[in-house]
Structure formats: structure tokens, C-alpha cells
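Read through the structure below, which is laid out as C-alpha cells, and then see the notes.
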There are 2 protein chains.
Amino acid sequence: MTCRGPYRREVDEHRVPTIYDVAKACGVAPSTVSRAFSRPGRVNAETAARIRKVAEELGYRANPLARALPTGKTSLLALVVSDVTNPFYFEIIRGAELAANEADYTLLVADVYESAVVERKALERALPLVEGVVLGTSRMSDSAIRVMAQQRPTVVLNRVLTGIPSVITDNARGTRRAMEHLVALEHRSIGYVAGPEASWADGMRWRAMREAADALDVRVQRFGPAAPTLAGGAEAATAVGESAVTAVVAYNDLVAIGLMRGLAAAGVRVPRDVSVVGFDNIFGAELCSPSLTTVAAPLAALGRYAVQTLLAGMTSRTPPQVRPALLPAELVVRESTARRVRRRRS
Amino acid sequence: MTCRGPYRREVDEHRVPTIYDVAKACGVAPSTVSRAFSRPGRVNAETAARIRKVAEELGYRANPLARALPTGKTSLLALVVSDVTNPFYFEIIRGAELAANEADYTLLVADVYESAVVERKALERALPLVEGVVLGTSRMSDSAIRVMAQQRPTVVLNRVLTGIPSVITDNARGTRRAMEHLVALEHRSIGYVAGPEASWADGMRWRAMREAADALDVRVQRFGPAAPTLAGGAEAATAVGESAVTAVVAYNDLVAIGLMRGLAAAGVRVPRDVSVVGFDNIFGAELCSPSLTTVAAPLAALGRYAVQTLLAGMTSRTPPQVRPALLPAELVVRESTARRVRRRRS
DNA sequence: CAAGTCATGGCAACCGCTTGTCGTCCCGTG
DNA sequence: CACGGGACGACAAGCGGTTGCCATGACTTG
């Protein structure tokens, strides 16, 4: 009797009102209700006002699912991060979410535990749901990313991939500043504790270090690679401690902090014996002791700009800009760097 | 010619295959394809196998939107956090996401910047999309939460709300352990730096402190309330420094760390002059100097258990358990607590 | 051998919203 | 006064699945 099809359409008290209910209450067609909301001007102003009023009274809310089905407009964006527990991402997520919300989008944050396999699975799951994707420090191969990118508009963060819009920190300049800072403190032999081989940022940082060393006429030495964690940094401490460098730049803040702790454990004092510089200025860089001098990445801006770039590329007809966006880094000087006292056991 | 209705149904090369394509390729009805996937056993095993094979070849993927529209099964869960940049949440998010993924759900993390207004807006946006909600440290009123909860299955984290499933840390026990620890270190006058008035956890912690103080026969004194941030803790430092307490328990780790820095700035040494204990054991508690003794919350477990509880409540017919789930806290002793040396300027 | 049972696949009606198309009514114009 | 053209609403076909019900045919059973 009440059920005509497989679904209940009877007057269920707890049912949420649809455009059909509004239409009936207004004496117009459902399509008119739809247009009253989505196509201003297409329906008579008075009619539209009446519809809106009735909709309000009924507590009508458009069903985003139903809207998305025919149009594909889910108003969802995905942000894939390699590790949510990495403080590097906190501000990035915040920035991205702010930008998304401003444009009336919802951000879906997916954590992939540093695994390319999980990343692929997460994307597979999320892709049909979202209109665009921001890949934060993706662990996937370039080609895998390219395949992805032709399914949905994509922006990559902290990585450059020709043909795909990307947003990165200007770490070349940042590295240069860090080196100048160390050189000004009379360091002449500087180490670099490398991060994961696969990391695009690591390559850039090391290259920038070598170039800066050339320009400033100091020596650089590479350590590692270290895992991008506290433990990874700590492991590098012995090698650094035994070397002749008087200052070290680490792949990122986590490694830098781990290194400082490792050095402390080995009896090497920071900054008296060795100065340490990190990258990113994550939460914790200021907390540790000594507080960490670091090349601060504009984290919130990175997230925000990535989303804005993504949205811009989604709406414009023209192919997205291909030049990577370079956001400025800034050297934050704290306690972990100091003037060189003497050459250590040269 | 090609377009019959408002949408293109022609053979577009780049179109993603649907059950209709699979059905045609198999010579069966779309409904059979649908059932082959969703209702194992309902269709003949051979037919099902053939359908699956063809689907595989065609690269068919069910469209989650289309599936969700009639059924309401979006496979999405929302986790609302008061502030994504708060390290308290990192592990919670991770745990929640793991549990969600295990159950083939995707987690939608919404950040509400500590604002009840934003929280309500975020929920309004996400609610029609998700099947259930975990409220992490909600800033909304009890009644607002209850209204929410009758629209979608809800679990609250770090808060108890009669009639709504909740998961919390056993901070009463944790507080007791912290007090016993301090008393064992001969502290007899202990302070509590309170958190936000509106915080449910704050009330619980303060109450547990008083009870423990009674039982252990020591005095407690309340400071604050402080904002739950580093700055908030730092502001409380003067009051604490001028008081007669020899040990302080802070509302959370952020406040504790801020307090330590404030004390340091005021020339009060931790732990020599004052011992400090925090709550939660966030990232950073171990990094700061001195490293922080804290009542560790089982963060990942909290997130994981909240999601599991939510999922359990969603599938079972019976009303969800009402007793709040108590997850054990553990006292992590580090450098910020030490034996009382002498009574400070009594 | 007739009737009842069960397994299996197909039909078609939904979910709620969007949108191309068409009919109607009203107005202005030659 | 007839006709062309807007403005506005209604109609209905989709989007891609799910699912109640029915038809068919094979198999069981008395």
C-alpha cells in the first residue's frame, strides 16, 4: 500500500524534506525549486523568494549526494599526507582546510603511513569521491602520480613534477641563508645529514648546500641517509660526532632534534661543539633544548596555496600553470647555532 | 542525436564503466551485476565469477556516490577535532583513521579552530555525507550535541554525556598516580593549573586531585584558569612561582611546558625548585627540557576505540552502550619531577 | 504425473537533484 | 489584429546504483 517501489516514500515523520516536499508546499514543480537555488535569475524573483521561505520553514537542506551524482560536484577535496603524526603537516592541514572551507569545499585528509601501497589504496578509495587532490610529500613514483593526475586535478606539495602544478618552499634560498648564517659564525666545515633517498626535497637541499658551499668557499660533508625521524637523527650522531665538522644542517627538524639528542648522549655539546640547523620549523623546534635554529617553511601558506592552486585549476578552462610556485623560507635563528669556538679534534 | 537526456550517455571513450556496461558485456541484467558484488550467494556462482571477470577487464569500479544515494551508506565517518594543530590530536587521528580503514570506512577530519560556531557549521556540512560522527573535545553544549546525535550515530571523546556513547581516558586513576608519585617525592603542597572552565576534562582532573589530596593527606591549591596553550601556561608561572607549592600538576602538557618556560624565565628551576606534571603525553613532552613527567593518555587507542565504538553502534540494532569507556592512563616519569629539596620560602 | 519448492535472473521503481526541451502566457510590434 | 519573441514553469530523462517482486525453469516430493 504505502510502498510503491523498493524505497519508502510514504510520509515518514523523520524523513528529511526534499525539493519535492518544498515543491508541493509551494505549488510549483521540483525543477523550479532546484533552479530557485542553483540558477538565480532563471526563476521569477517572487517565486524564488516564496520557495526559499517555504524551504526554510520546512528545514530543507539540499542532499549533497544527490546533487553530486549527476553533476560530479561533491565539494570534496583530498589532501594526502605521508604521515599525520608528523608535526610538519599540522599547519599544512590547517592552511589547506581553511582555503578549502573558504571556497565551500570540505577537505578529506588521508594518512598513508609513509607507504606507497597505502597511498595508492587511499587514493583509489577517495578519488571517485573528490573533485581534486593535493599530494603532500607523495611516496609514489612520478609516473604513478601522472596517472593519478589525469583522473582528477592534482597539485603536488614539496615536489616538482613537470606538467603538474606544484607548490614548494624556496629551500634553495633558505639553505643559502642557513649557510651564510653558519659562515658568519665562522664555521668552515659543515655537514649535511641527508634524509630519505627517495625524497625530492632532500636532493634539492643537498644540491643547494653544495652550491652555497662553493659560493661561500667552505667545505661540506654528507652524512646519512637518515630516516626522517628522531631515531634517524640520533643514529647519525656518532658519525657527525666523529667527524671534523663544526656545524651540521639536517634534512629536517625531526632529524635535527634527534641528532642533537644523539650528540648530547655522546657528550657533544650543542651549540658549543657543534651547531645544528634544521628545516621546516615544526612544532617542537622551539621547545627542544637548545631550541633549534631552522629554515622555516611557510607551512600554513603551503597548504593554503596548494588548495587555492588546485581550485583555480579546477575552474579555469585553460591548462593549469606549470611553473612550480615557490613560497619563501625564512631562517629562524635560535639557540642551536653559535660561533665556532675552536676546530674540534682536527 | 547522441544525447537523449540532459546527460551524455553516448559511448564516450573517457567514461568510467558502470554496471550497465558490465551487464551488456556479460549479457545479463544490471541488477544481476549489482547483486554479484553486493549479495554473494544471491546469484549463481559461475555467473558471478564471469561477471567479476568481465568487470575486472573493463576496469569497473562501483561509484560510491551512486551506491550511497539510495542506501545512505557513504562509508564515511567524521572526526571533529577542536584544533588540528594541537599535537594532542595527531595520534588520535591516526588511531581513528586506522580503525576506520580497517572497517572499509574513510575518515573525514574536520578542524573547528576551537570555535563552537565553526563546529556547528562543519557538522552541518559534513552530516549529510557521513554515517557517523566522533566528536573530539567538542566545544558545543550538551544539548547541541544531543540534537546532533539524533541525526547520526555519535561518539564523544574526552567527555561524558549521559545517553551518548563516550570514550575517555581514566584520568582519575592517572591523577591519583601522579599525586602518589609526587607524594613519594616528599611533596606536600601541590598546585593545579586549571584549563578552560568549559572543559569537562578540567573538572574531572581537579576533582581527582582533591580526592587524591584527601586520601594522601596533602594540600592542593588551584591556579588559573589558563588557556590550554603554551602562552596560557607561561602566564600562570608568576602565580605558581610566588606560591608555596613545591609541585604542580597542569591541565595538559601544553600548559605544563608553557609553565616550565615561564618558570625558567622567572628564575624558578624545574625540577629543583618546583616539580611539574602534565597530562596527555603529547609529541613534545619528551623533547622539552627538562623533559616532562606526564599522565600519558592512550591517544591512538582513544581514536581507534572511539571509531570502533561508533561502528559497533551503527551496525547493532540495540541501543549503544551508555557506560563511558574508560581507557587506562599511565604515568610517564621524566625529568620534570624530582624529590623536594626544601620547603620554598614558606 | 501433478503440484509445490527453490534457485536464479530480469523488470522496474526508486534514492534526490539537475537540466535540456517544450508549452504557455503575455507583451510588444508592424 | 496577427505574429514573433521572451520569460517562466513544467515535464521527464538522466546520474549509477539497489532492491522488492515476479517469471521461469529445474528439481523435489507425494
Side-chain angles (χ1 to χ4, degrees), chain A residues 1-10 12 14-24 26-51 55 58-75 128-129 131, chain B residues 1-10 12 14-24 26-51 55 58-75 128-129 131:
Chain A
M1 275 312 130
T2 56
C3 291
R4 294 180 313 184
Y7 305 98
R8 65 269 151 338
R9 186 69 180 276
E10 79 273 40
D12 177 346
H14 282 236
R15 208 166 53 80
V16 15
T18 72
I19 48 168
Y20 292 90
D21 302 314
V22 178
K24 206 182 300 173
C26 273
V28 298
S31 53
T32 306
V33 176
S34 170
R35 281 196 260 258
F37 288 108
S38 54
R39 204 68 50 90
R42 177 64 175 74
V43 333
N44 186 299
E46 287 177 41
T47 319
R50 188 159 47 92
I51 290 175
L58 259 50
Y60 165 75
R61 321 243 60 146
N63 178 333
L65 247 53
R67 190 190 327 258
L69 185 50
T71 60
K73 252 205 71 49
T74 57
S75 292
L129 236 44
E131 291 179 50
Chain B
M1 273 314 133
T2 55
C3 291
R4 295 180 312 183
Y7 303 98
R8 65 273 153 337
R9 186 68 180 275
E10 79 274 40
D12 178 347
H14 283 234
R15 208 166 54 79
V16 14
T18 71
I19 47 168
Y20 292 90
D21 302 315
V22 177
K24 206 181 301 169
C26 273
V28 298
S31 54
T32 306
V33 177
S34 171
R35 282 195 266 256
F37 287 108
S38 55
R39 204 70 50 92
R42 179 63 176 73
V43 331
N44 186 299
E46 288 176 42
T47 320
R50 188 159 47 93
I51 291 174
L58 261 50
Y60 165 75
R61 322 241 59 145
N63 178 334
L65 248 52
R67 181 173 355 240
L69 184 50
T71 59
K73 252 205 68 52
T74 58
S75 292
L129 235 42
E131 291 180 49

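Lettering of chains follows the sequences in order, A, B, ..., and the numbering in each one begins at 1.
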Inset, instruction - Take atom CG of Leu58(A) and atom P of dG16(C), then tell me their distance rounded to the nearest Å. - result: 14 Å
Legend entry - Side-chain N,O (Arg35(B)) to OP1/OP2 (dT8(C)) below 4.0 Å: no
Legend entry - Distance-only donor-acceptor test, Ser34(A) side-chain atoms vs dC17(C) base atoms, 3.5 Å: no
Inset, instruction - Kindly say whether, by distance alone, the side chain of Tyr20(B) makes a donor-acceptor pair under 3.5 Å with the base of dG17(D)? - result: yes
Legend entry - Contact under 4.0 Å: Thr47(A) side-chain N or O vs dC8(D) OP1/OP2: no
Legend entry - Distance test, side-chain N/O of Arg67(A) to OP1/OP2 of dT18(C), below 4.0 Å: yes
Legend entry - Length of the CZ-P vector between Arg39(A) and dG9(D), whole Å: 15 Å
Legend entry - Length of the line joining Asn63(A):CG and dC17(C):P, which is rounded to integer Å: 6 Å
Legend entry - No-H, no-angle donor-acceptor pair, Arg61(B) side chain to dG16(D) base, under 3.5 Å: no
Legend entry - First of Asn44(B) and Ile19(A) reached from the 5' end of DNA chain C, by closest nucleotide: Asn44(B)
Inset, instruction - To the nearest Å, give me how far apart CD1 (Ile51(A)) and C1' (dC17(C)) are. - result: 14 Å
Legend entry - Thr32(B) side-chain N/O to dG10(C) phosphate OP1/OP2 under 4.0 Å: yes
